[in-house]
Amino acid sequence: MDLFGSGLPNGAIGAPAWPELPAEARAALTSLMTELILDHAAITATPPAKGVDHDL
């Protein structure tokens, strides 16, 4: 999984490139980012409209 694109310069000076990180660090970061995105999506999701009934 290439999260940051290849061939692009690092934004932070001295920051390692994604492939240079240990596999455990990449897995942990991927898991944390997934959790962050899902939590954000759950908070910002549009609630269903009140009074809408799908019964026939």
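Just the heavy atoms: all of them, side chains too, but no hydrogens, waters or symmetry mates, feed the values below. We're numbering straight along the sequence, starting at 1.
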For Ser31, the side chain to side chain contact (heavy atoms under 4.5 Å, CB included) test, sequence neighbours excluded, returns none
Sorted by chain and number, sequence neighbours left out, side chain to side chain contact (heavy atoms under 4.5 Å, CB included) with Ala25 holds for Leu21, Pro22
Could you check if a side-chain atom of His40 sits within less than 4.5 angstrom of a side-chain atom of Leu36, using non-hydrogen atoms only?
-> no
Between the OG1 atom in Thr34 and the CG atom in Asp39, the distance rounded to the nearest 0.5 Å is 10.5 Å
Nearest 0.5 Å, what's the CG-CD distance between Leu29 and Glu24?
-> 11.5 Å
